[in-house]
Amino acid sequence: VTPRRPGSPIAPLRASIAIHGGAGVISGSVTARHRAALRRALQAGWKILEAGGASLDAVTAAVVALEDDPLFNAGRGAAYNADGKHELDAAIMDGATLRAGAVAAVSRIRNPVLAARAIMERSPHVMLAGKGAEEFARRQKIQLVRPAYFHTAAARRASVRTDPKHRHGTVGAVALDREGNLAAATSTGGVPGKLPGRVGDSPLVGAGTWADNATCAVSGTGDGELFIRSVLAYDVAARMRYRGDSLQRAATAALAVIARLGGNGGLVAIDRRGNLAMPFNSPGMFRACIRRDGTSLIKVYG
Ligand code: ASP
């Protein structure tokens, strides 16, 4: 049993977690494999929370599981850019301290979220990009792989499809632990066919990823450029902080800005009481959660 910290509630908080595997037009059939993959990632995070572990560890474990699964556009199975290469982005944020770490446009790090976390915990910086990030990861003994590791035939097919709405598969997680700490993590291969060097919203603190114990933790997915321009994840937190909005209201309103700008996507979010919101305005969003009352959900469409 973890000793009670001064100021922490006498009755332990109930933990909760939500994950996503991307929003968009879900091309191809949603199979039992997709649901099983979401369940596995959810369980990887939940196991940690249930044992009294930290939300930061839970979101890391959930995102690693999704990065390792070739069904999603993150880690293995990531999208191809216009040059037929992979450039991956990821971020993680700790709601207790507002520390954050991120990598952008990396091509050799097996689990970009682990590198993001190492940058947060073991460097003076928030974000490293490209070769510098890979060199840092190598020195931190984080596994590097050959570019071929990320290859999947499905991602190759998706990269030649012209409609950008057909992209989906970015992954993310948000969690609240029993100590009342929030955390968020997001990982992606980005938009299929993107220009080399393009960085999306996922690794940008406040755009695709945000966590602050005072308000909420958010992980987004969708039209990255619009998430950047509307500072989506921070907008959810700001609406709660400055307007006193509930999580659900703030998340819905922030997503409405994306729609007004002509785009789509979705997000998973959790507040400090463990309330969850998972709105999306695309045809589908891979998502799953375990709520503070212990009930769970795994869903793709509305
Ligand atoms: N938001 C991601 C990006 O722009 C893509 C996605 O979520 O599908 O890189």
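As the structure lists them, so they are numbered: ligands from 1, and atoms in each ligand from 1. For this chain, numbers begin at 1 and follow the sequence in order. Predicted model only: the values in this text are computed from it and were never measured.
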Are any non-hydrogen side-chain atoms of L276 and R292 less than 4.5 angstrom apart?
no

So is T188 polar-close to ligand 1, meaning N/O to N/O under 3.5 Å?
no

In terms of ring plane angle, is the pair H151 and Y80 parallel, tilted or perpendicular, where the classes change at 30° and 60°?
perpendicular

Proximity to ligand 1 by part of R198, non-hydrogen separation under 4.0 Å:
side chain

Is G208 in contact with ligand 1, taking contact as a heavy-atom separation below 4.0 Å?
no

Within 6.0 angstrom of R122 CZ, more than 12 heavy atoms from elsewhere:
yes

Show me which atoms of ligand 1 lie under 4.0 Å from any heavy atom of T170.
2 (C), 5 (C), 6 (C), 7 (O), 8 (O)

I'd like to check which ligand 1 atoms, numbered from 1 as shown, lie under 4.0 Å from a non-hydrogen atom of T221.
6 (C), 7 (O), 8 (O)

Does either side chain, that of N181 or that of D94, offer a donor lying less than 3.5 Å from an acceptor on the other one?
no

For ligand 1 and G222, I'd like to know whether there is a polar contact (N/O to N/O, distance under 3.5 Å).
yes

What pairs meet the ring-ring contact (aromatic ring centres under 6.0 Å, His included) rule with one or both residues in residues 225-258, with sequence neighbours excluded?
W210-Y234

